[in-house]
Amino acid sequence: MPAPWRDPATILEDSNVQRSWPNTARRTIRRAVTWRPKQPGDATLDIADLIRPFRYDVVIRAQLFDVIEAQRPAGHEVDDFALELLDHPYAVWYRDVELARFFPWILRDEELARRTYVRRVSQAVATFESVEERGFDTGQPVTLRRVRLPKVSDSGVPVSHVTHVGDGGHRLALLMRAGLALAPGMYRVDPRPTAVIDNTALLTPALGLTEERWVDFIAPHFVRAPAGSLDDLHRGVAAECPHRMPELTALAAAHLTLRTCL
């Protein structure tokens, strides 16, 4: 069975793409100081609710699995398959989120970035095949993060729920595609203090998401009624949960304003 998705530093094996030793030392010390035992899952969670509004990248991973399922690359075909997907939203996620957040120096070497992207897609193919053949491996649970409110995301948006995605976004995408929820045995909760990352803020401009696509993703985070535009969503929030209007305003400013300025 392929290894589960882990921190990027443990996946990229080339010595020249590992974290520098001072950064590794600082990270090790920080983890030791803040270490807390992970807590078992205690409720069944809806994945679509879990990833809104900050983790549009899980949707992109699900889109990659759609292509993998349709084309079924195998063996030596996987490298060519990955290179054919250099324009896929998954490649945008890999470049503008994964590398930009964790390995920004790789972006200075186009060939290295391409090689590590091929490896990333190959791992996704292996994960797809493993889950399809054996089901979800509860021995490798997804990691969720739990934060204390009030809190804001790294994009400056007020955070309205306490549980967020940590590690395991690809497996969450596979479960979401299958219409499955995240059962207690499938995840653990890391209670250490942590930032809430807003990948949607990075991906909305990078992908050129339309207002309609953005609203389609964001709206269920606020309202039950369907919304086809930002104006519709504002009206829905005003009717259903007016106290959350500042949160919606901050989200639109962090996501859509940046997109229109590019």
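Note that the structure is a prediction, hence the values are computed from the model and not measured.
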Item to check | Cluster overlap Phe65 with Trp93, hydrophobic side-chain contacts below 4.5 Å | outcome: yes
Item to check | Hydrophobic cluster identity match, Leu99 and Ile197, side-chain contacts under 4.5 Å | outcome: no
Next on the checklist: Can a donor-acceptor pair be found, under 3.5 Å and without considering hydrogens, that links the side chain of Thr116 to the backbone of Leu112?
Outcome noted: yes
Closest contact, heavy atoms only, [X] versus [Y]:
X      : Y      : answer
Asn199 : Arg55  : ND2-NE, 3.2 Å
Pro242 : Pro246 : O-CD, 4.3 Å
Ala252 : Leu230 : CB-CD2, 4.3 Å
Pro158 : Glu247 : O-CG, 3.9 Å
Val189 : Pro191 : O-CD, 3.4 Å
Lys151 : Ala195 : CE-CA, 4.3 Å

Enter the distance from [X]:[atom1] to [Y]:[atom2] here, rounded to the nearest 0.5 Å.
X      : Y      : atom1 : atom2 : result
Leu209 : Leu256 : CG    : CG    : 9.0 Å
Ile60  : Thr200 : CD1   : OG1   : 8.5 Å
Ile68  : Leu85  : CD1   : CG    : 8.0 Å
Leu233 : Ile218 : CG    : CD1   : 8.5 Å
Thr138 : Met186 : OG1   : CE    : 8.0 Å
Arg171 : Arg61  : CZ    : CZ    : 10.5 Å

Item to check | Worked check of side-chain contact (heavy atoms from CB on, under 4.5 Å) between Gln71 and Val67 | outcome: CA-CA 6 Å; Gln71 298 193 23; Val67 180; 3.6 Å; yes
Any heavy-atom pair between the side chains of [Y] and [X] that's under 4.5 Å?
X      : Y      : result
Val142 : Asp167 : no
Leu203 : Asp57  : yes
Val157 : Val152 : no
Thr210 : Arg213 : yes
Leu144 : Leu45  : yes
Val78  : Pro73  : yes
Met176 : Leu172 : no
Phe217 : Ile51  : yes

Checklist entry - Should Tyr56 and Thr204 be marked as a side-chain contact (heavy atoms from CB on, under 4.5 Å) after you check the CA-CA gap, both sets of side-chain angles, and the distance that decides it? => result CA-CA 9 Å; Tyr56 190 76; Thr204 300; over 6 Å; no
Next on the checklist: One pair to check against side-chain hydrogen bond (donor to acceptor under 3.5 Å, both in side chains): Asp49 and His161. What are the steps and the verdict?
Outcome noted: CA-CA 10 Å; Asp49 289 342; His161 52 87; over 6 Å; no
Item to check | Pairs touching residues 114-157 that satisfy ring-ring contact (aromatic ring centres under 6.0 Å, His included), sequence neighbours left out | outcome: Tyr94-Tyr117
For [X], all residues meeting salt bridge (charged side-chain N to carboxylate O under 4.0 Å, His left out), sequence neighbours excluded:
X      : answer
Arg148 : none
Arg95  : none
Glu110 : Arg114

Checklist entry - Do Val97 and Phe102 pass the side-chain contact (heavy atoms from CB on, under 4.5 Å) test, and can you show the C-alpha distance, the side-chain angles, and the key distance before you say yes or no? => result CA-CA 8 Å; Val97 177; Phe102 300 108; 5.9 Å; no
Checklist entry - How would you list, by chain and number, every residue that makes a ring pair (Phe, Tyr, Trp, His ring centres under 6.0 Å) with Phe222, sequence neighbours excluded? => result none
Checklist entry - Under the side chain to side chain donor-acceptor pair (under 3.5 Å) rule, what pairs show up with a residue in residues 72-87, not counting sequence neighbours? => result Arg72-Glu132
Checklist outcome for this item: Quick note, side chain to side chain donor-acceptor pair (under 3.5 Å) partners involving residues 177-191, not counting sequence neighbours, are Asp66-Arg177, Glu69-Arg177, Arg145-Asp190, Asp190-Arg192
Checklist entry - Taking only residues two or more places apart in sequence or in another chain, which ones pass side-chain contact (heavy atoms from CB on, under 4.5 Å) with Ala48? => result Asp46, Arg52
Checklist outcome for this item: For Asp216, the side-chain contact (heavy atoms from CB on, under 4.5 Å) test, sequence neighbours excluded, returns none
Not counting sequence neighbours, which residues clear side chain to side chain donor-acceptor pair (under 3.5 Å) with [X]? List them please.
X      : answer
His164 : none
Ser153 : Ser155
Asp154 : Arg101

Next on the checklist: Checking Tyr90 against His170 for the ring pair (Phe, Tyr, Trp, His ring centres under 6.0 Å) test, could you report, in this order, the C-alpha distance in whole Å, the side-chain angles of both residues, the deciding distance, and whether it holds?
Outcome noted: CA-CA 11 Å; Tyr90 189 83; His170 288 79; 5.8 Å; yes
Next on the checklist: Taking atom CZ as the centre, does Arg235 end up with more than 12 heavy-atom neighbours from other residues, nucleotides or ligands that are less than 6.0 angstrom away?
Outcome noted: yes
Next on the checklist: With side-chain contact (heavy atoms from CB on, under 4.5 Å) as the criterion, how do Phe54 and Leu251 come out once you've worked through the C-alpha distance, each side chain's angles and the decisive distance to 0.1 Å?
Outcome noted: CA-CA 9 Å; Phe54 301 125; Leu251 271 172; 4.1 Å; yes
Checklist entry - So, do Trp214 and His221 have ring centers that fall under 6.0 Å from each other? => result no
